[in-house]
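Bear in mind the structure is a predicted one, so any value in this text is a computation, not a measurement.
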Amino acid sequence: MVGFGLAYGGAGAVFWTSLARVASSWVISPVLGALVSFLVYKCIRRFVYSARNPGQAAAAAAPIAVFLGVTGISFAAFPLSKSFPIALAQALGCGAVGAVLVYNLIRKQLGHLLEKSASSHSEPQESNTQTKNLGLLSDVAGPKGTQLEIVYGVFGYMQVLSACFMSFAHGGNDVSNAIGPLAGALSILQGGASSAEIVIPNDVLAWGGFGIVAGLLIWGYRVIATIGKKITELTPTRGFAAEFAAASVVLFASKLALPISATHTLVGAVMGVGFARGLNSVRAETVREIVTSWAVTIPVGASLAVLYTWILTKLLSFIL
């Protein structure tokens, strides 16, 4: 967009204040993602891993997380009523329904393991005797055996939901970024350039969604491999913490109309869960390559926009 503006209208055609706001979000979003995921994963280690029965603690924590996520999505994206108290009550109701469904699912799929863990406390937990003295940032040893199987089983289901949460937030932000220029052009063509609010046709939104899905299907595996394997070692609990934190940050930013990148935020969130285990748990080389690619795409994108604008302008002037 900046490259097109510079090529077509000069420096005066670019709203530099808005650009500074966008550019700052590129830095703020991964930092926020890392901070929130760091805190989420530390909470899991503190209140689940260090519990007397980590499996039962995980099963109890899952409905709470679903309640918070579904309530947030319902209230932020689907205001069911224009009245704030009613909308809040309806969002809380949706969150409660989601929590009950997840609770029943976990009990149905992992009930035999939960009963086994409840009937026998034979697996020693050295940290249990000092649980009350542990802080949020304390290093906590993970569960083992049946307890670990339950915890990973619970957060395996939770990670499916957090991935859906992240996909929803990604669509609410990145599809908007991709459709923004087209929506602005359509508004001008339809004589609505002076309108403060642009009406986007549903078919345009559908094409944007189709493009996101097609790109994921064709090239997404490469980014998935980089984020999932090359930054830090991920487990169901770490993956859930990263996705839940990134989705929360992106959804909040979308609500504030900040055009941040979901990928920037998710990379920062994955780094955050790595930092929660120690600085050496994050592969610095991979992070360096990612940050470099982020920096390179800005001037390259602007240069290509200038080139394409010049070519199309000359071509159209020749044709017309």
Side-chain angles (χ1 to χ4, degrees), residues 1-30 166-227 250 253-254 256-267 288-320:
M1 291 297 290
V2 172
F4 165 77
L6 291 175
Y8 197 76
V14 179
F15 300 130
W16 296 104
T17 303
S18 298
L19 179 61
R21 184 167 171 241
V22 173
S24 65
S25 72
W26 297 337
V27 178
I28 295 173
S29 57
M166 183 63 209
S167 298
F168 177 85
H170 179 76
N173 192 279
D174 281 30
V175 172
S176 303
N177 292 341
I179 294 300
L182 178 58
L186 289 175
S187 177
I188 293 175
L189 291 175
Q190 295 171 0
S194 60
S195 176
E197 186 173 332
I198 298 177
V199 178
I200 306 175
N202 290 331
D203 57 340
V204 174
L205 290 175
W207 277 113
F210 172 78
I212 291 288
V213 174
L216 173 64
L217 181 65
I218 298 172
W219 292 110
Y221 70 94
R222 304 179 69 177
V223 179
I224 291 172
T226 299
I227 296 179
V250 172
S254 298
L256 297 180
L258 291 176
I260 68 173
S261 171
T263 306
H264 284 61
T265 308
L266 183 57
V267 168
R288 195 180 305 114
E289 292 176 355
I290 292 174
V291 174
T292 301
S293 70
W294 288 347
V296 168
T297 55
I298 299 171
V300 170
S303 301
L304 289 176
V306 171
L307 176 63
Y308 294 156
T309 302
W310 182 81
I311 292 175
L312 290 174
T313 302
K314 294 296 183 181
L315 182 62
L316 289 175
S317 63
F318 175 76
I319 295 176
L320 301 177

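Distance CD1/Ile212 to CG/Leu217: 13.0 Å, rounded to 0.5 Å. Summarising the geometry, atom CG belonging to Leu315 is positioned 10.5 Å from atom CH2 belonging to Trp310; distances are rounded to the nearest 0.5 Å. Leu312 contributes atom CG, which lies 10.0 Å from atom CZ of Phe4 (distance to the nearest 0.5 angstrom). From Trp26, atom CH2 reaches atom OG1 of Thr265 across 13.0 Å, with rounding to the nearest 0.5 Å. Put simply, CG on Leu266 and CD1 on Ile227 are 4.5 Å apart, with the number rounded to the nearest 0.5 Å.
Trp207 and Phe210 have perpendicular rings, their planes meeting at more than 60° on a 0 to 90° scale where under 30° would count as parallel.
Other residues, nucleotides and ligands contribute over 12 non-hydrogen atoms within 6.0 Å of the CG atom of Asp203.
His264 and Pro30 make their closest contact through O-CB, 3.5 Å (heavy atoms, listed as atom of the first residue, atom of the second, distance). Scanning both residues, Ala13 and Gly5, for their nearest heavy atoms gives CB-O, 3.7 Å. Nearest heavy atoms, Val296 versus Pro299: O-CD, 3.2 Å.
Residues Val223 and Leu216 fail the side-chain proximity criterion, which asks for heavy atoms closer than 4.5 Å.
Judged by distance alone, the side chain of Trp16 and the main-chain N or O of Ala11 form a donor-acceptor pair under 3.5 Å.
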